[in-house]
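Just so you know, these numbers come straight off a predicted model, no measurement behind them. Here, residue 1 is the first one in the sequence, and each next residue gets the next number.
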Amino acid sequence: MEEEERAESTVPSCVSMKSDWSKGHPLNFGIGPQGSPLKMDEDRAESTVPSCVSLKSDMSKAGVINFRSSEEIERGEHILSNWDQSAPPGESSCSQSGSRSGDAEMKPKQRSDLQEVIEGHKMSLKRRCEHVTEGTHEAGSGTLLNKIYTELYITEGQSEEVDTQHEVRQLERTSKKNIQDTPIKCQDIFKVLSEQQRHIRVVLTNGVAGVGKTFSVQKFSLDWAEGLENQDISLVLLLSCRELNLIRDEQHSLLSLLHVFHPTLQKIRAEDLTVWKLLFIFDGLDESRFSLDFNKHQLISDVTQVSSVDVLLVNLIQGNLLPSALIWITSRPAAAYQIPPSCVDRITEVRGFTDSQKEEYFRRRFSDEDLSKRIISHIKASRSLHIMCLIPVFCWITAIVLEDMMTRDQRGELPQTLTDLYSHFLRVQIKRKKQKYGGKQRPEELTEADKELLLKLGRLAFEHLEKGNIMFYSEDLERCGLDVSEVSVYSGVCTEIFKRESVIFQKSVYCFVHLSIQEFLAAVYMFHRYTRKDTAVISQFLEYSEPVTSLDGFLRRALRKSLKSENGHLDLFVRFLHGLSLESNQRILGGLLDQMENHPETIQKVLNNLKEENSNKISPDRSINIFHCLMEMKDQSVHQEIQEFLKSGEISEMRLSEIHCSALAYLLQMSEEVLDELDLQQYNTSEEGRRRLIPAVRNCRKAVLRRCGLSEISCGSLASALRSNPSHLRVLDLRGNQLEDPAVKLLCGALQDPLCKLETLRSVRDDPVLSQV
């Protein structure tokens with residue numbers, strides 16, 4: 001997206017950290033022998049998770065739990081010798097359990113038998129985590145994780161409003177360094193790092209798709225299994241949410257659940273679980289297909305009590321079941337809301353590659369130093385590509401495309417937009433398939449079978465994008481006409497875009513290599529339906545009864561639907577749709593899309609629609625995607641005009657349209673320099689234009705928003721800016737605005753947020769509530 005903005009896509013920034021175990025290993029996360037991105041072995045599962053600030057749980061108010069019951073003493077299964085018996089009254093049961101080491105005082109025979117079980121479990125976990133695969137997902141292509149892993153940036157702290165922004169927007173914000181971020185090492189995820197924290201029992205780790213959450217989990221588990229880190233934990237129990245989906249309709253006890261997913265623990269008894277220090281890792285909450293209800297659920301406190309998987313998870317997280325167990329949950333940001341803040345002691349965020357790690361990736365991937373320099377230079381020149389390269393998988397996609405284009409007789413321009421890049425990526429995969437398997441046609445040409453398969457994958461991508469699913473099962477593929485028994489689904493072009501991630505219970509789990517590839521193929525499928533005049537599919541998508549026949553009408557309605565989405569899940573999809581309207585991108589795809597006779601006046605109409613789109617009922621933050629759609633169509637006019645406007649310094653002279661204001665808000669937000677004062681009345685624009693400038697408040701010290709007609713929607717954007725991390729705003733002037741009660745409540749909530757650093761508030765005189773805050 002030529003949006004100089006985001007870059008897993010919506011995400012926060014971080015500080016560099018070195019790990020002890022990275023010593024002696026080259027910096028190269030996600031880089032294998034060929035430099036392609038890491039993928040886990042088929043029999044291993046993946047994850048996802050949200051980021052945040054340390055939160056106190058309600059459970060920390062509980063009294064001391066005495067683990068030394070008479071029954072335990074009789075069994076000789078006392079708490080370990082390093083158990084802190086002097087813990088002060090009122091300290092949570094979790095903090096006490098966090099110090100014990102599990103089986104230290106067992107009887108010799110018991111300890112010997114159980115120690116053998118633990119060692120067997122460690123060997124099994126090591127086999128699961130020590131290898132990763134890269135590039136083409138072929139058997140036997142595993143690489144040792146410890147040889148290529150470079151610690152990612154993980155920060156302690158919460159990003160504001162992560163569940164209301166597309167991940168591209170989150171990545172944009174991550175691309176800006178935040179010196180206030182608190183870095184934390186993967187191995188220290190449960191360690192108390194400040195006097196304010198007494199104990200960490202539940203950790204929620206957030207990060208956009210492909211940023212490295214699962215690799216962090218894998219590295220933590222591998223270090224424990226090899227006896228290198230966190231040896232006070234008796235058992236690390238890794239459970240992938242995508243695999244738990246396979247038994248979502250079954251009934252289990254926690255004990256039987258562990259026996260199913262970790263067969264090496266078959267000899268473990270219920271009483272063992274109550275005296276050991278356990279760590280449950282639920283990887284990929286956003287991939288789960290069960291809902292977590294923390295208000296109305298069955299209360300379970302016995303590990304042998306049978307219930308559904310979702311109820312077991314809720315009781316574990318709340319501490320009703322095994323209150324001493326540690327819990328680590330990973331998720332993409334949009335799924336974080338499922339876990340109540342009161343249940344979480346620490347929220348962290350995986351931030352991906354730093355700028356130096358991006359460059360290291362490309363230098364290590366290419367032995368040709370001149371080639372790596374040219375690629376790095378091109379990425380730096382494109383703000384959108386540079387931001388997206390925070391994600392290791394995106395570095396791999398970019399490397400594949402630029403290597404191909406720079407090492408052959410390249411006459412066209414290198415990709416500048418995301419649609420450009422992904423169109424070239426698909427074409428490169430087509431060419432590689434033909435070169436590998438042969439064929440009479442030219443390598444880059446698509447056969448009818450290729451087209452049919454890709455469009456079926458596009459249908460799968462689109463239908464599940466609307467539902468918010470990123471993991472698929474055999475029945476999902478079959479509903480889209482994909483025969484899962486055909487080798488073609490797993491070979492050739494598909495191995496680089498679609499993969500069988502894991503196999504369990506004789507059932508396969510599938511996913512696209514990255515969410516953005518799913519969004520791109522979904523756009524290809526929908527654009528193909530438009531070119532074929534499939535009015536049924538188009539009308540159902542647009543939720544519009546009248547047939548849409550013109551390109552400008554189709555794209556305009558698609559944009560409006562995406563703007564109505566609360567979490568922006570269709571934003572990148574719609575940007576791809578606009579990019580695919582260009583004949584140049586249709587040509588790159590080599591016949592996958594029917595060539596349209598797009599007359600210049602048609603394209604100009606689409607561009608005019610974007611520039612004139614009225615979004616007064618849409619959040620100013622969401623309106624910025626209109627500007628990105630414009631950039632995806634390679635219209636640089638608005639961007640250039642705003643750049644000249646900023647250079648001139650005469651902010652009251654030029655008349656700014658609404659689209660100008662969206663572009664300006666974006667550029668001011670992304671600027672490395674914090675603006676001293678933002679006075680919206682100084683800008684020569686409409687009332688809606690001023691509202692579109694509100695997101696820029698995030699990057700200024702003083703904001704003067706007098707007489708701007710602030711609505712509830714506008715105040716929602718302002719509230720988000722007040723609780724941003726970091727929050728630069730110190731002075732806010734709201735005089736001259738008649739605020740309704742819902743808007744006042746939004747602002748009051750933001751002003752009371754710990755992240756808000758506001759010192760002076762000038763508000764409406766007759767608004768005593770806001771004034772008192």
Side-chain angles (χ1 to χ4, degrees), residues 3-7 9-14 51-53 155 157-181 333 349 351 383 387 568 571 618-628 642 646 651 661-680 682-683 689-705 708 710 713-734 743 746-747 749-761:
E3 0 107 340
E4 313 184 354
E5 56 165 82
R6 107 162 167 157
S9 157
T10 59
V11 161
S13 82
C14 333
S51 92
C52 320
V53 176
T155 62
Q158 174 155 5
S159 300
E160 27 65 58
E161 307 298 319
V162 292
D163 60 333
T164 62
Q165 295 290 339
H166 187 282
E167 291 186 354
V168 171
R169 295 287 295 129
Q170 297 178 46
L171 283 174
E172 289 171 351
R173 292 173 187 170
T174 301
S175 66
K176 296 180 61 180
K177 287 188 177 180
N178 179 2
I179 59 173
Q180 297 180 17
D181 286 331
E349 186 164 17
R351 302 291 185 86
R383 177 73 178 177
I387 289 173
D571 282 2
I618 304 298
S619 162
D621 282 301
R622 302 296 320 291
S623 299
I624 289 176
N625 201 51
I626 302 172
F627 169 61
H628 296 317
I642 289 299
L646 290 172
I651 62 175
C661 292
S662 288
L664 179 58
Y666 171 71
L667 293 178
L668 290 176
Q669 268 192 98
M670 298 306 297
S671 172
E672 293 295 335
E673 296 182 9
V674 180
L675 195 65
D676 285 331
E677 180 174 333
L678 176 70
D679 185 348
L680 298 193
Q682 291 184 4
Y683 295 92
R690 293 191 180 91
R691 283 195 293 266
R692 286 206 193 183
L693 286 169
I694 289 175
V697 170
R698 281 187 180 86
N699 203 32
C700 71
R701 297 183 179 89
K702 178 180 179 180
V704 181
L705 277 59
C708 289
L710 295 178
I713 294 174
S714 301
C715 287
S717 185
L718 178 57
S720 173
L722 285 168
R723 60 168 63 96
S724 62
N725 183 20
S727 179
H728 301 291
L729 196 60
R730 298 295 180 268
V731 179
L732 177 60
D733 189 342
L734 298 178
L746 282 172
L747 293 177
L751 291 169
Q752 293 170 348
D753 192 290
L755 291 173
C756 179
K757 300 294 188 294
L758 197 69
E759 297 170 356
T760 303
L761 172 65

> What pair of heavy atoms forms the shortest contact from Gln669 to Ala696, and how long is it?
Replying inline: CG-CA, 4.1 Å
> Which distance, rounded to the nearest 0.5 Å, do you find between the CG of Leu746 and the CG of Leu718?
Replying inline: 9.5 Å
>> For a side chain to side chain contact (heavy atoms under 4.5 Å, CB included) check, start with the C-alpha distance between Ser720 and Arg698, then their side-chain angles and the critical distance, and finish with the verdict.
In response: CA-CA 8 Å; Ser720 173; Arg698 281 187 180 86; 2.6 Å; yes
> Taking all atoms of both residues into account, what is the closest heavy-atom pair of Asp753 and Arg723, and its distance?
Replying inline: OD2-NE, 3.5 Å
> Taking the side chain as C-beta and beyond, is there a heavy-atom pair between Arg622 and Ser717 under 4.5 Å?
Replying inline: no
> Do the side chains of Leu722 and Ser727 get nearer than 4.5 Å, heavy atoms only?
Replying inline: no
> Quick one: CG on Asp571 to CD1 on Ile626, what's the gap to the nearest 0.5 Å?
Replying inline: 10.0 Å
> Would you call Leu675 and Asn699 a side-chain contact if the rule is heavy atoms closer than 4.5 Å?
Replying inline: no
> Which atoms form the tightest heavy-atom contact between Ala663 and Ile642, and what is the distance?
Replying inline: CB-CG1, 4.0 Å
> Atom CG in Leu678, atom CG in Asp733: separation rounded to 0.5 Å?
Replying inline: 12.0 Å
>> How long is the straight-line distance from CZ of Arg730 back to NZ of Lys702, given to the nearest 0.5 Å?
In response: 14.5 Å
> Has the side chain of Arg690 got a donor or acceptor atom that lies under 3.5 Å from a matching backbone atom of Leu680?
Replying inline: yes
> With sequence neighbours excluded, what pairs up with Arg692 under the side-chain hydrogen bond (donor to acceptor under 3.5 Å, both in side chains) test?
Replying inline: Ser615, Ser662, Glu688
> Rounded to the nearest 0.5 Å, how far does SG of Cys661 lie from CD1 of Ile624?
Replying inline: 11.0 Å
> Roughly how far apart are Leu693 CG and Leu705 CG, rounded to 0.5 Å?
Replying inline: 9.5 Å
> Taking it one step at a time, do Ile694 and Leu710 satisfy side chain to side chain contact (heavy atoms under 4.5 Å, CB included)?
Replying inline: CA-CA 10 Å; Ile694 289 175; Leu710 295 178; 3.6 Å; yes
> Is there side-chain contact between Phe627 and Leu664, with at least one heavy-atom pair below 4.5 Å?
Replying inline: no
